[in-house]
Amino acid sequence: MQDNSLEEKQAQLDLIALVEGLFSEVRKYWWLLIVMMLLGGTFFLVRSVTSYSPMYRSQASFTVMFSSQSNADSSATYDFRYDSETASQLGATFPYILSSELLQDAIKEDLDIQTVNGTISASVVPDSNLITMEVVSSDAGAAKAILESAIRCYPDVARFVIGNIKFNMIDMPELAAEPYNMPSYPAETAKGAAFGLVLGFIILILLALCTKTVRRTEELTGVINLTCLGKIPEVRRKARRNQTEQCLNITEEHTDSGLKENIRGLQMKVCRKMDEREAKILIITSTAAEEGKSMIAVNLACAMAEHGKKTLLIDCDLRKQTDWKYFGETSGKGLQDILSGACSADEAVSSMAAGIRFLGGKELVENSSEILNSPKMKETLDHLAKEVDYVILDAPPCEIFEDASVLSEYADAVLYVVRYDYVQRQRIQEALTELDEGSARVIGYAFNGVKMKSRGYGYRYGYGYGYGYGYGRYGRYGAYGEKDHAQGDE
């Protein structure tokens with residue numbers, strides 16, 4: 001019973017994840033639906049125009065009179081002999097005779113033509129001797145001529161099957177003034193747009209099935225054996241005139257209260273986990289770029305400082321360091337300067353306005369792995385840790401480089417960042433497997449950019465900005481006049 005309950009719960013979660021995934025794909029790729037509608041409408045319209053062939057229809061209505069005499073001379077007497085047997089006979093023989101080669105040959109001889117350019121058909125009104133005959137052809141004149149010929153030739157051909165008959169004309173054949181199959185181009189375009197919309201939704205459903213990004217913490221259960229220490233809501237700072245967008249920061253008054261509350265809740269859980277293990281050095285990393293790890297590192301340090309904890313934030317992503325001015329001027333010296341002997345650790349650390357200390361350089365470092373593997377690295381970190389309560393190492397994404405794994409040899413704990421609907425579960429699992437090879441223990445993960453159902457978190461926020469490895473420099477912590485970032489950066 002318990003296994004069945006777990007299976008039902010998992011199936012329910014998969015269904016919910018699929019629906020949420022579809023809505024997520026629609027939000028991200030709504031333009032695909034429009035493109036598919038335009039392509040579908042255009043295709044159907046072009047097909048309708050290029051494949052259109054005008055067809056003309058000529059019709060005639062008449063009743064059938066029968067003669068009891070065997071000869072078909074002009075003196076024969078005809079009457080409207082009608083009963084159910086006669087009506088049934090007419091309904092059965094008319095289609096047969098119209099499609100016979102005998103009638104076709106008779107029409108060819110009558111019109112002196114080689115082929116009959118038209119299709120002849122007839123319908124019998126049920127339980128009557130009223131006939132409607134029509135000819136459809138690509139030529140209006142040919143349709144009328146063939147119908148007139150068929151009316152003339154039919155009695156002679158049918159005499160051997162149903163006896164002597166004569167037509168009493170009600171509606172004479174007329175020349176068609178216009179094609180009967182005039183296409184409706186707006187209708188065809190609308191049909192194509194609807195087809196494109198359906199096809200677009202099918203593509204999005206397939207994307208939702210194949211993507212398998214994380215949208216619920218329950219989806220990571222069984223994939224990674226980690227506790228979610230905090231859910232950080234998706235937020236975006238409102239754009240201000242003449243001011244670039246900056247890093248979301250809980251020390252600012254206008255920062256969304258939901259973000260502040262959740263960051264401080266994360267800080268309490270992280271500190272509790274670290275205090276239980278007497279840990280001081282914490283690595284913050286993620287699977288891929290733009291998951292928000294730097295934003296969380298900055299705000300976690302600020303939240304620790306708010307609680308009276310001496311906190312040192314170290315920029316360990318040496319490949320893309322920028323001048324960090326968000327809380328004030330820095331020394332501009334980073335780990336590479338300390339490890340190379342260019343300056344001492346005390347000279348490199350800057351005291352910032354938010355109550356935290358910061359260590360980060362300005363220059364890009366290509367051989368960062370070699371620097372982080374320096375014999376002086378552990379000695380430097382141990383020295384820095386003695387002066388503060390906590391050291392936070394903002395490391396590069398562990399899927400891209402091995403820097404996070406190298407740093408885990410010197411750290412006591414790791415906080416992993418998972419961004420909502422961004423990275424596939426398998427990639428997270430593989431990245432954590434590589435990270436677990438280090439000595440530092442992963443104490444849990446922060447679920448960043450979660451879409452909150454309630455509007456209590458204020459206006460909605462989103463993502464922007466690229467990571468930039470090998471593609472130029474980019475901002476991280478948000479500097480006035482520098483490249484800045486919102487929640488999704490790094």
Side-chain angles (χ1 to χ4, degrees), residues 214 216-218 220-221 224-235 247-286 291-314 316 326-327 352-358 384-385 387-395 407-408 411-420 432 435 440-454 456-458 461 477 487-488 490:
V214 179
R216 288 172 172 266
T217 55
E218 293 88 346
L220 288 177
T221 304
I224 59 174
N225 187 25
L226 292 179
T227 304
C228 179
L229 299 181
K231 296 181 181 180
I232 312 303
E234 179 190 29
V235 289
C247 173
L248 297 167
N249 188 269
I250 62 172
T251 63
E252 294 185 351
E253 182 179 355
H254 63 268
T255 299
D256 182 70
S257 59
L259 177 67
K260 293 180 180 180
E261 179 182 344
N262 283 273
I263 287 290
R264 287 163 181 156
L266 174 65
Q267 175 264 323
M268 292 177 62
K269 293 181 181 179
V270 169
C271 288
R272 187 182 304 119
K273 290 275 188 181
M274 294 184 69
D275 291 344
E276 289 173 356
R277 296 166 176 77
E278 297 183 351
K280 295 189 69 174
I281 303 177
L282 173 70
I283 297 174
I284 298 182
T285 187
S286 60
E291 292 198 69
K293 63 175 184 60
S294 293
M295 184 277 295
I296 290 178
V298 170
N299 286 286
L300 194 59
C302 292
M304 290 177 174
E306 285 181 347
H307 282 74
K309 302 295 183 181
K310 295 180 181 179
T311 308
L312 171 63
L313 174 62
I314 302 179
C316 295
Y326 189 65
F327 296 111
M352 312 306 290
I356 64 174
R357 302 179 185 185
F358 178 74
L384 292 171
E387 305 296 324
V388 296
D389 297 307
Y390 299 109
V391 176
I392 296 178
L393 306 181
D394 182 15
L407 289 169
S408 67
D412 304 312
V414 178
L415 175 65
Y416 207 76
V417 176
V418 177
R419 175 176 164 184
Y420 174 90
L432 280 170
L435 193 61
R441 179 179 177 183
V442 182
I443 59 175
Y445 71 94
F447 201 23
N448 185 36
V450 179
K451 289 178 171 57
M452 311 305 290
K453 296 180 180 178
S454 170
Y457 286 97
Y461 291 66
Y477 300 100
Q487 178 167 326
E490 302 185 62

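Predicted, not measured: the structure shown is a model, and the values here were computed from it. Computation of the quantities below employed the complete heavy-atom set of this structure, encompassing side-chain atoms and omitting hydrogens, waters and symmetry-equivalent molecules. Sequence positions, counted from 1, serve as the residue numbers for this chain.
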(request) Indicate whether the side chain of Y390 and that of D275 have a donor and an acceptor atom separated by less than 3.5 Å. (result) yes

So, for [X] and [Y], which heavy atoms are closest and what is the spacing to 0.1 Å?
| X | Y | answer |
| --- | --- | --- |
| P233 | N262 | CD-ND2, 3.7 Å |
| A413 | I443 | CB-CG2, 3.7 Å |
| F447 | R419 | CE1-C, 4.2 Å |
| A395 | C316 | CA-CB, 4.4 Å |

(request) Report yes or no: does K310 contribute a side-chain atom to a donor-acceptor pair with the main-chain N or O of R357 at less than 3.5 Å? (result) no

(message) Has T311 got a side-chain atom pairing as donor or acceptor with K309's backbone, closer than 3.5 angstrom?
(response) yes

Does the side chain of [X] reach to within under 4.5 Å of the side chain of [Y], using non-hydrogen atoms?
| X | Y | result |
| --- | --- | --- |
| L435 | I283 | no |
| I392 | I356 | no |
| I232 | M295 | yes |
| V450 | T217 | no |
| V391 | I314 | yes |
| M274 | L282 | yes |

Distance (rounded to the nearest 0.5 Å) between [X] [atom1] and [Y] [atom2]:
| X | Y | atom1 | atom2 | answer |
| --- | --- | --- | --- | --- |
| E234 | D256 | CD | CG | 11.5 Å |
| K260 | C302 | NZ | SG | 11.5 Å |
| Y445 | L415 | OH | CG | 11.5 Å |
| L312 | M352 | CG | CE | 11.5 Å |

(request) May I ask you to decide whether R264 forms a salt bridge with E306, counting only side-chain N to carboxylate O separations under 4.0 Å? (result) yes

(request) Let me know which of T285, D394, N448 forms a side chain to side chain donor-acceptor pair (under 3.5 Å) with K293. (result) D394

Can you give me every donor-acceptor pair (side chain of residues 266-273, partner residue at least two apart or in another chain, under 3.5 Å) with its distance?
from	atom 1	to	atom 2	distance (Å)
Q267	OE1	H307	ND1	3.3

(message) Using the rule side chain to side chain contact (heavy atoms under 4.5 Å, CB included), only one of V298, I250, T255 pairs with I263; which is it?
(response) I250

(request) Take I284 and L393 through the test side-chain contact (heavy atoms from CB on, under 4.5 Å) and record every step on the way to the result. (result) CA-CA 6 Å; I284 298 182; L393 306 181; over 6 Å; no

(message) Please determine whether the number of non-hydrogen atoms from other residues, nucleotides or ligands lying under 6.0 Å from atom CD of E276 exceeds 12.
(response) yes

